[in-house]
Amino acid sequence: MEEDDGAEEQQRFSYRQRLKAAVHYTVGCLCEEVALDKEIQFSKQAIAAISEVTFRQCENFAKDLEMFARHAKRSTINTEDVKLLARRSNSLLKYITEKNEEIAQFNLERKAKKKKKSEDENKNSTEQAEAGVVESEN
Amino acid sequence: MGGAGGFWVPGPEGKGLQAKISDEGSSLHPLLPPPCIIQSCWSLHRAQRALLETPSSRRLSSQTKTTARRRSQRIRSIGKLAHVQASGYLEEQTPRTLLKNILLTAPESSIVMPKSVVKPGPAPQVVQPSSRESSRGSLELQLPELEPPTTLAPGLLAPGRRKQRLRLSVFQEGMDKGLPLSQESRGNADASSLTSSLNLTFATPLQPQSVQRPGLARRPPTRRAVDVGAFLQDLRDTSLALAPPDTVLEDTQPFSQPLVGRSPSVHHSLPCPSHSGAEDAERAVSHRTRSTGPRLQNNSPGKPAQLLAGKAEVDALAMNFPNTSSSIFGEVGVEPLQDGVGGEAEERTEKSLSMSKVKEAARARGSARAQEPEGHTQVTEAEGSQGAIETKEPEGSSGDCPTSSRRVSPELASSTPEFLQAKRIQGLEPAPPPSTAVLPSEPLEPLSARLPPRARTPGPKACQNPYKTGLSHYAKLFSFYAKMPMEKKALEMVEKCLDKYFQHLCDDLEMFAAHAGRKTVRPEDLELLMRRQGLVTDQVSLHVLVERHLPLEYRQLLIPCAFSGNSVFPAQ
């Protein structure tokens with residue numbers, strides 16, 4: 001039992017480490033791009049610090065999103081929750097709202113296309129399936 | 001009597017009285033000597049009770065002192081004789097000595113027949129002094145010796161005429177003719193044969209003494225009819241305007257000290273608007289500005305108490321206000337203020353040589369003279385047209401004083417609301433905030449309840465007050481817990497930061513409520529907020545925090561308690 005728990009923990013820990021490594025790699029790539037843009041060098045410690053902060057903030061975001069969804073008596077995290085999370089930063093909020101609208105439009109278009117197709121083919125079953133797909137995507 | 005230790009010992013009460021008089025005498029030395037004829041005249045109508053009730057009048061010590069001071073000050077203004085003779089009368093404040101003086105100096109007059117001299121005259125004179133103040137009476141006993149009691153008779157009836165119009169001109173005519181003056185005082189319950197006879201007896205000595213000392217003859221100030229109705233109306237308006245904030249405020253704050261904290265503001269502002277003529281307000285305001293903070297507190301409870309008591313009735317009010325103002329003035333000896341007051345008071349009266357002399361004397365002495373007749377006249381003149389009188393050129397010093405006190409008044413107006421708010425806020429917070437999150441959730445609501453009534457606080461910062469009062473409280477807490485002294489700018493910055501912080505919190509709460517599709521902020525929103533702040537975690541739940549930090553009264557609001565009898569409170 002304890003060994004299992006320990007193994008589990010180790011698994012989680014290794015999983016976590018891998019996630020951290022992935023974040024670190026992504027942050028490094030982004031910093032390289034910025035460095036090329038602004039002609040500024042990034043030290044490795046800086047990149048490491050940025051990646052650590054990003055990882056912790058992601059944890060916080062996840063918890064907050066879950067809280068917001070639960071506050072709205074939902075079991076799924078919504079774009080509304082994300083917008084509420086990003087409200088502090090005005091520019092970020094704007095960006096997210098725009099992206100959200102884009103995605104919504106895109107989804108609507110897709111819906112319309114798929115509805116037409118389903119009308120041509122199997123009306124009931126395909127509509128339900130695609131409606132479910134669209135909802136899950138949303 | 002002639003000596004320093006002339007004490008008359010009729011009994012224990014008498015001893016106390018003696019001690020009192022001597023005390024008052026010692027404190028009143030510079031003011032005593034020239035007895036105020038007018039003042040004594042006022043109280044003459046209460047002659048019967050005077051000496052007989054001296055022990056009872058002892059209770060009216062504060063009034064005694066102040067009115068005595070007023071009188072003596074006024075008297076001093078009349079002539080310099082008083083000052084010179086003051087030292088001589090330092091220790092002769094016993095009734096016995098005074099009586100002896102009167103006997104020595106007052107000419108004999110008869111009670112029964114007008115213009116006849118009677119030996120018991122001085123005795124009734126002794127009895128005459130008002131029951132209100134024994135020392136005042138004792139002071140009055142000195143009047144005949146020093147001053148021609150020319151104005152004695154007019155002054156006699158003035159207090160009795162609080163309810164009536166003061167017609168000095170008629171009175172003076174009667175005086176000259178030797179008519180019984182008590183006939184004019186209809187409402188005077190104390191008017192009696194004795195009073196009339198006393199008036200008569202005073203009438204006779206008047207003329208010879210006035211002839212002897214024409215320079216000192218003081219023409220009594222002409223008084224306008226006291227428009228009591230208008231005065232009361234003003235008072236009611238101001239009191240009504242100020243009453244609602246009181247009641248609303250007291251309702252919303254369970255822990256505050258509403259009366260103590262609020263009454264000073266109400267009553268500080270009450271006298272100011274009630275006297276449209278700025279003099280009284282300036283006087284009161286400048287007085288307060290000069291007094292220290294604790295003194296302010298000490299004075300205000302006494303003053304509002306007196307004011308409240310007097311509000312119900314015309315007479316009581318008319319009586320009390322000058323008394324309170326005079327008591328306040330008596331306590332504060334500020335020469336410029338008194339000069340201004342004296343100058344203003346004198347401006348009101350008709351011009352005459354004696355008046356100009358009085359003005360000079362007033363300024364020279366620098367003594368505040370708030371007397372009943374003047375208070376009445378000022379009250380009436382505050383309401384009535386003052387243009388004719390104010391066109392008289394005030395002399396330089398008196399003109400400067402009002403302006404300086406006017407400048408001070410706005411300062412005080414702003415300081416009093418802040419002072420009151422500080423007092424009130426201290427009583428509000430039941431417990432020091434251990435955690436910031438627990439604090440915002442509760443104080444936010446009482447703060448919002450508090451702010452609307454406070455918005456009516458008069459003063460230049462009235463609009464800022466509702467927002468800054470709570471913040472100033474927090475800033476004070478901050479400075480208390482910071483173990484170092486803080487600069488004002490630092491405290492202001494702290495206030496700004498707190499302001500932004502609370503605004504942010506409220507915005508978050510609003511967003512949380514909207515996120516849940518609601519328009520009302522509910523405890524769930526607050527719990528979410530606290531969770532975001534990190535106060536409520538998976539290990540520490542809200543209930544735990546509530547139980548840790550809140551007193552039972554608040555706790556049972558959030559966590560229902562089951563009482564005996566199995567009734568759950570609050571019922572939901």
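This is a predicted model, so every value here is computed, not measured. Computation of the quantities below employed the complete heavy-atom set of this structure, encompassing side-chain atoms and omitting hydrogens, waters and symmetry-equivalent molecules. Naming convention: chains lettered A, B, ... in sequence-line order (proteins, then strands); numbering from 1 in each chain.
Among residues two or more places apart in sequence or in another chain, the side chain to side chain contact (heavy atoms under 4.5 Å, CB included) test is passed with Leu498(B) by Leu471(B), Tyr474(B), Val494(B), Phe502(B).
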Across chain A and chain B, going purely by atom type as modelled, what donor-acceptor pairs are there at a distance under 3.5 Å?
from      : atom 1 : to       : atom 2 : distance (Å)
His504(B) : NE2    : Arg88(A) : NE     : 3.1
His504(B) : NE2    : Arg88(A) : NH1    : 3.3
Asp508(B) : OD1    : Arg87(A) : NE     : 3.1
Asp508(B) : OD1    : Arg87(A) : NH2    : 2.8
Asp508(B) : OD2    : Arg87(A) : NH2    : 3.2
Asp508(B) : OD2    : Arg88(A) : NH2    : 2.5
Phe512(B) : O      : His71(A) : NE2    : 3.1
His515(B) : NE2    : Asp81(A) : OD1    : 2.5
Asp525(B) : OD1    : His71(A) : NE2    : 2.6
Arg532(B) : NE     : Asp64(A) : OD2    : 3.2
Arg532(B) : NH2    : Asp64(A) : OD2    : 2.9

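Other residues, nucleotides and ligands contribute over 12 non-hydrogen atoms within 6.0 Å of the CZ atom of Phe55(A).
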